[in-house]
Undergrad: 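This is the structure, below, for whatever I ask next.
Since we're looking at a predicted model, the values are computed, not measured. Order of the sequence lines sets the chain letters (A, B, ...), proteins ahead of strands, with each chain counted from 1.
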Amino acid sequence: MEISVDVNGTSHAADVEPRTLLVHFIRDTVGLTGTNIGCDTSSCGACTIHVNGEAVKSCTMLAVQADGQQVTTIEGLANGEQLHPMQEAFMECHALQCGYCTPGMVMASVSLLDENPSPTEAEVREGLEGNLCRCTGYHNIVKAVLSAAGGDQ
Amino acid sequence: MIPVQFDYVRPESADAALAALAEHGDEAKLMAGGHSLLPMMKLRLAYPAVVVDIGRLSDLSYVNDAGDHLAIGALTRHRDVETSELVNEHAPLLAAATANVGDLQVRHRGTIGGSLAHADAAADHPSALLALGGSVVARKADGSERVIDGADLFAGFLESSLDPTEMITEVRIPKHTGAGWNFQKFNRRAQDWAIVGVSAQQVNGSARVALVNMHPTPARATAVEAAISGGASAAEAAEQAAEGMEPSSDLNASVEYRQHLARVLTKRALQEAGIS
Ligand SMILES: Cc1cc2nc3c(=O)[nH]c(=O)nc-3n(C[C@H](O)[C@H](O)[C@H](O)COP(=O)(O)OP(=O)(O)OC[C@H]3O[C@@H](n4cnc5c(N)ncnc54)[C@H](O)[C@@H]3O)c2cc1C
Ligand code: FES
Ligand code: FES
């Protein structure tokens, strides 16, 4: 099936099988490998991207469902060399170790603040419950999100 | 994991979707948010020959005040139900149950109609529908519609009483403005499904109680309700929570543990709902 997906502001047209998962389309067809696959069962959040500005797990969407929609991946956040404030905050707060969960964490965090610009710590933890990190113990991730939200962490 | 091959259609209207269902019958499956269907297709537990994507039928995404009840479009996503002012005011139990579904990413995609049609005893919405006395509107390709009471919607394990060519277009929730309610969900990790859950709603001084994951279908705890109506205290009534239920035993919990959880959580839910 012919689809055309706007990924990070560029339109990508391709002929895909309807069963192609969106995450495979992004990684293999578009060639953007920042979006990771962790569990492939919608549990870990590593594959989180934005569809029309909202965080979703791209292993649990078909590429054909994104036909004509706007997709943003981790590669689309920075403005040239200028990192997105959430990326800056993750760096500043040491919110990553191995980095495997990071693209998904950052995308989920950006979506979280879009919906709730000044969350409490509890709201951040709850808002990120769909993203697993095996390294950091979450504390610094939560700090980063609060810091990006303009809190005094 | 990738599903087996299938044909994909994305009709522009509910009528066109219903026509596609009528044409393909058992071979076809509606896909709303895809957050139950796609995981099952990836595990190859479901393998429809035709997927009819209704996820973008935005005219079926709404929450309206319909006088004595709320009318919620079947394609309304969990996040929109959870944050709806109308739902929070008139059926806060539904808002709370919805907010407990999976995680934010899941709630951005999953729909209320999909959740109810999926008829999963482990899901949160069906219990809220039962406790709130809600119903769904099901439509067919010939334009005929019927209203299915929540009590008649859940027919068996992962089985609704919908005909394969029917589509839920609307969910109707009677208003319970200002009445006591509570939702309890017990799980081990934040985003997990309920090991056991409870929806409790005060209705004219009595209570409607429905349990999550305690029976092959979503189920009302009728013994608890009868005890409350008969004047029992919340603690006494909650002792009846596992009565008539046939919970399963799995990796998370044995039958006995589920029965125990049902009693403890029902007591909490009743008390939090203001039924002492
Ligand atoms: C990681 C994860 C965690 C989750 N955790 C929870 C949880 O904690 N609690 C919970 O309750 N749920 C949970 N869910 C399920 C989630 O709520 C689903 O969104 C929901 O069960 C199905 O809604 P959907 O719109 O995605 O339906 P789909 O997957 O699109 O469809 C499900 C079924 O319903 C049918 N269908 C869909 N729409 C209609 C309609 N309008 N009329 C008739 N039939 C229809 C489809 O044909 C299919 O058989 C979770 C899902 C995931 C992926
Ligand atoms: S890879 Fe998608 S949630 Fe884990
Ligand atoms: S930094 Fe390693 S998984 Fe999160």
Undergrad: Side chain from CB out, backbone as N, CA, C, O: work out which of these in B:Arg107 comes under 4.5 Å of a heavy atom of chain A, or both, or neither.
TA: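 It is the side chain, since no backbone atom gets that close.
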Undergrad: So, B:Asp15 and B:Ser13: side-chain donor and acceptor under 3.5 Å apart, yes or no?
TA: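 B:Ser13 and B:Asp15 do not have a side-chain donor-acceptor pair below 3.5 Å.
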Undergrad: Less than 4.0 Å between a side-chain N and a carboxylate O, is that true for B:Arg56 and A:Asp67?
TA: no
Undergrad: Which atoms of B:Val51 are under 4.5 Å from chain A, going by heavy atoms: the side chain, the backbone, both sets, or neither?
TA: neither
Undergrad: Grab the two heavy atoms, one from B:Thr169 and one from B:Leu60, that are nearest each other, plus how far apart they are.
TA: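 What the structure gives for the nearest pair is O-CD2, 3.8 Å.
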Undergrad: When only pairs under 4.5 Å are counted, which of A:Arg125, A:Glu115, A:Glu126 shares the most heavy-atom pairs with chain B?
TA: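 Option with the top pair count is A:Glu115.
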Undergrad: How about A:Gln69: does its CD atom have over 12 heavy atoms from other parts shown lying under 6.0 Å from it?
TA: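 Result for CD/A:Gln69: enclosed.
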Undergrad: More than 12 heavy atoms of other residues, nucleotides or ligands under 6.0 Å from CD of A:Gln97: is that the case?
TA: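 Result for CD/A:Gln97: enclosed.
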Undergrad: Given a strict heavy-atom distance threshold of 4.5 Å, which part of A:Glu17 is in contact with chain B: side chain, backbone, both, or neither?
TA: side chain
Undergrad: Charged N to carboxylate O below 4.0 Å: is that the case for B:Asp192 and B:Arg189?
TA: yes
Undergrad: At a 4.5 Å cut-off on heavy atoms, which part of B:Met41 comes close to chain A: side chain, backbone, both, or neither?
TA: neither
Undergrad: Report, as yes or no, whether the 6.0 Å neighbourhood of atom CG on B:Asp59 holds more than 12 heavy atoms from other residues, nucleotides or ligands.
TA: yes
Undergrad: Of all of A:Thr41, A:Thr20, A:Val56, which one pairs up most often with chain B through heavy atoms under 4.5 Å apart?
TA: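 Winner by heavy-atom pair count: A:Val56.
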Undergrad: Where does A:Leu132 contact chain B at under 4.5 Å (heavy atoms): side chain, backbone, both or neither?
TA: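 For A:Leu132, side-chain heavy atoms alone lie under 4.5 Å from chain B.
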Undergrad: If you count heavy-atom pairs under 4.5 Å between each of A:Thr60, A:Leu62, A:Ile37 and chain B, which one has the most?
TA: A:Thr60
Undergrad: Quick one: which of A:Asp40, A:Leu128, A:Val51 has the most heavy-atom pairs under 4.5 Å with chain B, could you say?
TA: A:Asp40
